[in-house]
Structures are given as structure tokens and as C-alpha cells.
Amino acid sequence: MANGKEGTDQAATRWKDEEYFYPSKEFIAQANLNNKSVFDRFALDNFPNYYAEFADLITWFKPWEKVFDSSEAPTWKWFTGGTLNVSYNCIDRHLAKNANKTAIHYVPEPMNEKTEHITYQELYVRVNEFAALLRNTAKLKRGDRVTIHMPMVAELPITMLACARLGVIHNVVFGGFSSSACADRIIDSKSRVLITMDAYYRAGKLIDHKSVDDESCQLAADGGQKVDTLLIWQRYPGKNSSPAPMVAGRDIVVQDELKKYYGARIDPEHMDSHDPLFLMYTSGTTGKPKGCQHGTGGYLSYVTAMAKYILDIQPEDVYWCTADIGWITGHSFIVYGPLALGASSIMYEGVPTYPDAGRNWRIAQDLGITIFYTAPTAIRALRKVGPDEPKKYNLKFKLIGTVGEPIEPEVWRWYYKEVGKDQAAVVDTYWQTETGGFVFCTVPGLAPMKPGSAGPGVPGIHPVLFDDEGNTLPPGSNKPAHFCIKNPWPGCFQTIWGNRDRFVNSYFGTYNRDRNSKDWRDWPYITGDTAIEAGDGYVRILGRADDVINVSGHRLGSKEIEAAALTVPEIAEAAVVAIPHEIKGAEPELYVSLKPGVVATPDIEKKVADAIVFQIGKIAKCGRIWVVPDMPKTRSGKIMRRVLLAVSTKADVGNIMTLANPEIVDAIQKMVNK
Ligand code: WT7
């Protein structure tokens with residue numbers, strides 16, 4: 001592999017086939033889905049009509065006429081003719097029977113602050129009043145885009161649901177992203193309104209956030225997109241927790257302004273099923289993140305079905321997904337899926353190991369959490385700081401889940417034994433920002449679990465694997481291959497905002513033979529991952545086949561990091577490699593070379609490191625930055641990231657005699673091994 005990552009064949013040798021674990025009788029008896037007939041109903045022959053079952057889980061203002069419309073292939077349309085509103089589905093429809101049920105339990109990080117229990121009735125009031133503010137003060141209307149750069153506070157889902165109520169397309173940017181990353185997303189989505197919070201807690205510190213977004217507004221304006229309204233939620237209402245001054249004419253403190261809207265009620269907009277609900281930017285092969293556009297009816301049906309059948313959320317469950325709402329996992333499985341089901345969903349502001357290794361488990365114990373969904377990187381970290389910690393608490397999980405990256409079988413077994421107490425069902429959910437909801441995972445009440453494997457396709461998803469030459473492999477071939485999905489599904493994103501060509505090329509280009517075809521069979525969806533399908537139909541994800549690095553379950557483009565490094569004037573070339581990491585799964589290491597005539601000084605590394613934090617955010621921080629005299633290159637001038645990876649991991653660099661400058665490898669090795 002030339003892309004600076006472990007080759008699939010090497011990765012495959014790290015895994016061996018694992019034994020099955022079986023869900024308990026008690027779990028199966030209570031499961032939402034425990035009848036195998038679902039797989040007959042969801043057989044490919046019944047595509048697309050089987051998805052009507054998912055659409056029946058939500059409430060439509062006007063019933064849909066057709067399940068699936070392929071006239072704009074591969075932009076599929078779902079449940080056409082139907083109208084609905086997502087905030088109505090997540091709030092209003094629960095009021096008749098469950099107004100008093102907790103919708104969101106919000107846990108602030110400081111131990112002395114009380115958990116807030118927001119009922120569906122209260123959520124209804126707060127979403128309506130804020131929707132009135134968005135409409136009347138911020139002048140937002142159906143189809144407008146608004147960028148939201150907020151931490152993990154209850155006001156974030158309230159903001160999203162208020163947008164959905166009005167048909168405003170929200171574009172949530174992970175709170176930890178830098179001003180520059182936020183500005184890029186404001187510009188690309190053409191948002192004239194930005195919503196932020198003054199400050200939030202992280203690891204015991206009250207972090208100033210408003211200053212970041214003053215800078216986002218400035219950078220967006222420099223890039224041609226003026227933010228005329230900055231809405232600022234206060235972490236402590238009535239008190240400004242950021243040193244940043246208010247900008248007259250632009251800045252509005254939300255809690256002050258809300259006083260005008262006491263008692264306001266906003267009729268939910270009747271949205272077409274195909275109307276966009278939100279944008280979520282994610283990394284790809286180029287330096288510029290792409291705005292994945294998700295729709296309304298298909299998306300909501302899909303995430304509701306997945307929350308019900310895979311996460312097995314039932315009325316009396318208390319459910320905690322520890323993701324940040326700034327990523328797709330939080331959108332689909334903290335907010336939309338669970339709330340559409342009328343569930344009680346937990347939000348926690350801060351760090352799971354703050355102030356000590358037991359915090360995460362105390363939250364679970366005290367709130368009586370029954371379903372826990374997190375990422376391998378969090379499991380590794382919790383296991384490292386407190387392998388015996390879960391034993392100290394009365395945990396009663398019926399289901400525990402994981403998402404974001406492959407989980408090592410050893411880590412899986414600790415999770416099952418210590419956290420699940422040998423009795424919780426485990427779901428390893430494989431999916432992507434683009435897929436909207438799960439695509440590969442065992443149905444917990446129907447299939448055994450296999451550590452390290454996500455499982456077969458969820459009902460309705462049918463895989464197809466291709467070799468490097470583009471031939472399909474027979475099912476269960478046990479070979480690393482390009483991992484694709486045969487059929488469309490309602491949760492899939494609709495397009496890349498403002499760039500349909502890139503959408504078609506990146507996700508369907510390779511295996512489509514007829515660009516004009518309106519037949520879905522001609523458009524297998526490309527995940528960008530390599531995977532092995534075992535004889536039992538379970539898939540094991542090996543990793544990305546493209547230039548995407550998965551760091552702590554966060555998706556980063558190598559090119560994005562390299563582009564950030566190249567903003568430093570002294571830098572001529574930059575190359576990122578992904579090094580295996582105990583907790584994060586992988587960590588980027590960066591090689592840079594200097595422009596001719598520039599002398600290496602000790603501050604260069606820091607300049608590059610700062611540029612990365614400025615352009616992207618702390619999550620993209622590189623483990624090491626090596627300033628090298630030159631990059632190893634092929635005769636055609638291509639940087640050999642594979643060689644750099646071998647140097648970094650102290651592996652065999654292989655045959656380098658075909659390089660244009662083989663001698664440089666030795667020089668770099670001496671530097672790295674010193
Ligand atoms: C990439 C998508 C969708 C939620 C969070 C990540 C990797 C995701 C798994 C899993 C192995 C996984 C893939 C995928 N991935 N889940 N269960 N096992 N790998 O969303 O940021 O869009 O990243 O994460 O490589 O392509 P994302």
C-alpha cells in the first residue's frame with residue numbers, strides 16, 4: 001500500500017477466527033426483534049418494498065405513495081409523496097402518553113452540578129420557543145442552512161430539533177474543531193447564522209468557546225461568507241463565561257432573547273420526505289471535507305428502525321450513547337433515533353474518566369442505564385485506567401455496543417465480561433457518516449456475536465465484495481476485498497452538498513458501468529473500507545482503503561493534515577503515516593521537508609504542530625513530526641508513504657532500490673531511531 005497505512009494482508013494476519021458468544025435467553029425473550037422470519041422478508045428479492053416496515057415506525061402528515069424512486073440515480077428517493085416533520089416525530093407525537101417521561105438526562109461534568117432531567121413536555125416547550133427565536137429574531141426559514149458549533153449540552157439537541165421544526169438545514173460542527181475548520185463549513189454550507197455557546201467544561205476546566213467562534217466569523221468573512229447573526233447560549237444563564245466581548249449588531253445572547261418568546265408555539269413545517277434534514281462534514285481523500293447531505297423521511301425511518309431493532313431500545317430502557325453529537329453517531333443515536341422512539345437518552349458534558357476512573361460507571365449506575373453504546377477507543381481507555389473499576393458498581397446493562405473502528409477481540413472480551421457481566425448482548429455496529437445508520441451488525445436477539453466482527457448485513461443490507469481487478473468475490477471468500485453494498489437503503493446520504501459529481505464518483509464510480517442507468521443494480525455503494533467476509537457471512541473490517549485515518553474513531557484525511565502543514569511557509573512537502581496506537585487505534589505521524597534554502601530550526605516543528613491545531617483542531621495532533629532532508633520518492637516523484645510507515649514502525653522497508661533517492665531512507669532511519 002502506498003498510502004502510509006498497514007496493508008490489508010498484514011492486518012488480516014493479526015486476526016484469527018473467533019468463537020461465537022450467544023445472547024442470553026432473557027435477552028432474547030425480551031428483544032424487539034427475535035423472529036428469524038425478518039431475514040426472509042428482507043431478502044434482496046423483496047427490495048425495495050421491505051423498507052415500508054421502517055417507514056411505518058414514524059408518523060407522516062401525508063402518507064407516502066412510493067417506497068423508492070430511482071429516477072435520479074444514484075440519488076435515491078425514499079417514501080416519495082409523503083410529508084413529515086422530524087421534530088414532530090421526536091417530540092409532539094409522544095406527548096399524549098409520555099409527556100412526563102424523561103427525553104434527555106443531561107449530566108454536567110462538574111460533580112457539584114445536578115443532572116437535568118428534561119421531559120418530553122419540557123423539550124416541546126424549549127424547542128418551540130427556540131424555533132420562534134430562530135424564525136423571528138434570526139430570520140431563518142425552510143431550506144436555509146445554519147452552522148452550529150456547540151459542546152455537549154442539552155441546548156444542542158434543542159437547537160437541532162428547533163431547526164428541524166422549521167425545515168432549516170442544520171450543519172453541526174464538532175465542538176472541538178478549530179475556528180478554521182468551522183469557518184470552512186460555514187463557507188461551504190453558506191450559513192449566515194452561527195450558533196455557539198460561551199463556554200463548557202472539559203476535564204475540570206471551563207473552556208472559553210465564544211472566542212473561537214469570533215474567529216470563525218472573521219475567517220468565514222475573509223472567505224466570502226459573512227455571519228450576520230451569532231447566537232450565543234450561555235453555559236450559566238445570565239452570566240457571561242467567556243472573556244470575549246459582544247459584537248454589537250451581530251451577537252445575541254439566546255437566554256436573554258428567549259424571554260420574548262415565552263409560550264410561543266410553532267407549527268411543524270410539513271417537509272417532503274426527500275427534503276434535506278442536515279449536513280455533516282466528513283473527511284475523504286482530498287484536503288477538503290465534504291458535506292454529506294441527509295434527507296428527512298428515509299433517514300428518520302432508518303435510524304428509528306436501527307435504534308429499535310439493533311440497539312433494542314424499549315420504553316423502560318435508559319440509554320446512553322457516549323458519542324459527541326458533533327459526529328453522525330450522536331445525530332442518529334443520541335438524538336433522532338432514540339427520541340423518535342420516545343426513549344430516555346443520556347448526554348454527558350465531559351470526559352468519561354474525570355475526575356476519576358469510576359465516573360463513567362457511576363453515571364451508569366446512578367441513572368440505571370440499561371443500554372450503553374461507545375467506541376473502542378473509549379473502551380481501551382476505560383480499561384487502561386481502571387480494569388477492575390466496573391466491578392465496583394451495580395451495572396445492569398442488557399446491551400452494550402461499539403462503533404467507529406475495529407475492536408480487538410481481547411478488548412471485546414473485557415467489555416463483555418467486565419462491563420456486560422457476561423450477560424449483556426454486544427453489538428459491534430459498522431457504519432459511516434454517509435450511511436446514516438448501521439449497515440453491518442448482528443441482530444442481538446437473533447444471532448451470536450463474534451469478537452472483532454461486526455456481523456452480517458443488518459436486515460435489508462446485502463454486501464458485495466470486489467477484488468483489485470473489480471471481480472466480485474463469492475460470498476464467504478475469506479479474502480481481504482473492497483467492501484461494497486449491493487442495494488440502496490433509506491438512511492444513505494443523498495449527495496455531497498454542492499458537489500454531486502464528487503458524490504457519484506467517490507461512492508459509485510468504480511463499479512458502475514453505465515452512468516445513465518436508472519437501475520439500482522448498476523450502482524453498488526463503495527464504503528471505502530477493506531473487509532473480509534467469512535464463511536458464516538460475518539464481516540471483519542480491516543480498515544480504510546483510501547487516505548482516511550481513523551484516530552480514536554474520528555475520521556481524518558491524511559491530505560487534510562498535510563494541507564495544514566503546508567500552510568507553514570517554510571514547508572515544501574508533507575506526508576502523513578498512521579501508526580498503530582494502544583488507545584487511539586491509530587495515531588498520525590508527520591514527515592515534512594523544507595523549501596530549498598530554508599535552514600531547519602527547532603521552532604519549525606512547533607510551527608507545523610500549531611498550524612495543524614489551528615486548521616483542524618487538537619484531534620488531528622500528530623504523535624511526532626520529523627523534519628527530513630528529503631522524502632523517499634519514486635522515479636515519477638511520488639512520495640513513498642509506505643517506506644515512511646516502515647521507518648516509523650521500525651519494520652522492514654522492503655526493496656527500495658527502485659526509488660529515485662534510496663540513500664535518503666537510511667538518513668531518515670538514523671534520525672527516527674536515534
Ligand atoms: C469509518 C466511518 C459511523 C460512526 C462513526 C464513524 C470505521 C465504523 C466500525 C466498526 C470497524 C468501523 C470504518 C468506516 N468504522 N464503525 N464497527 N468496525 N470499523 O463514522 O467518521 O464516518 O467513519 O469508521 O472505517 O468507514 P465515520
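Note that ligands are numbered from 1 as they come in the structure, with each ligand's atoms numbered from 1 the same way. We number each residue from 1, following the sequence as shown.
Ordered by chain and residue number, the residues placing a heavy atom less than 4.0 Å from ligand 1 are Ile328, Thr329, Val403, Gly404, Glu405, Pro406, Asp428, Thr429, Tyr430, Trp431, Gln432, Thr433, Asp529, Ile541, Arg544, Asn550, Arg555.
When every heavy atom of Ser301 is checked against every heavy atom of Gly297, the shortest pair comes out as OG-O, 2.6 Å.
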Would you sort out whether His149 and Phe177 count as a ring pair (Phe, Tyr, Trp, His ring centres under 6.0 Å), showing the intermediate values? CA-CA 8 Å; His149 192 207; Phe177 271 135; 7.9 Å; no
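A distance-only check finds no donor-acceptor pair linking the side chain of Glu109 to the backbone of Glu349 [under 3.5 Å]. No donor-acceptor pair under 3.5 Å is formed between the side chain of Arg540 and the backbone N or O of Ile532. Distance alone, capped at 3.5 Å, places no donor-acceptor pair between the Glu560 side chain and the Ile616 backbone.
A donor atom on one side chain and an acceptor atom on the other are not found under 3.5 Å apart for Tyr525 and Asn487.
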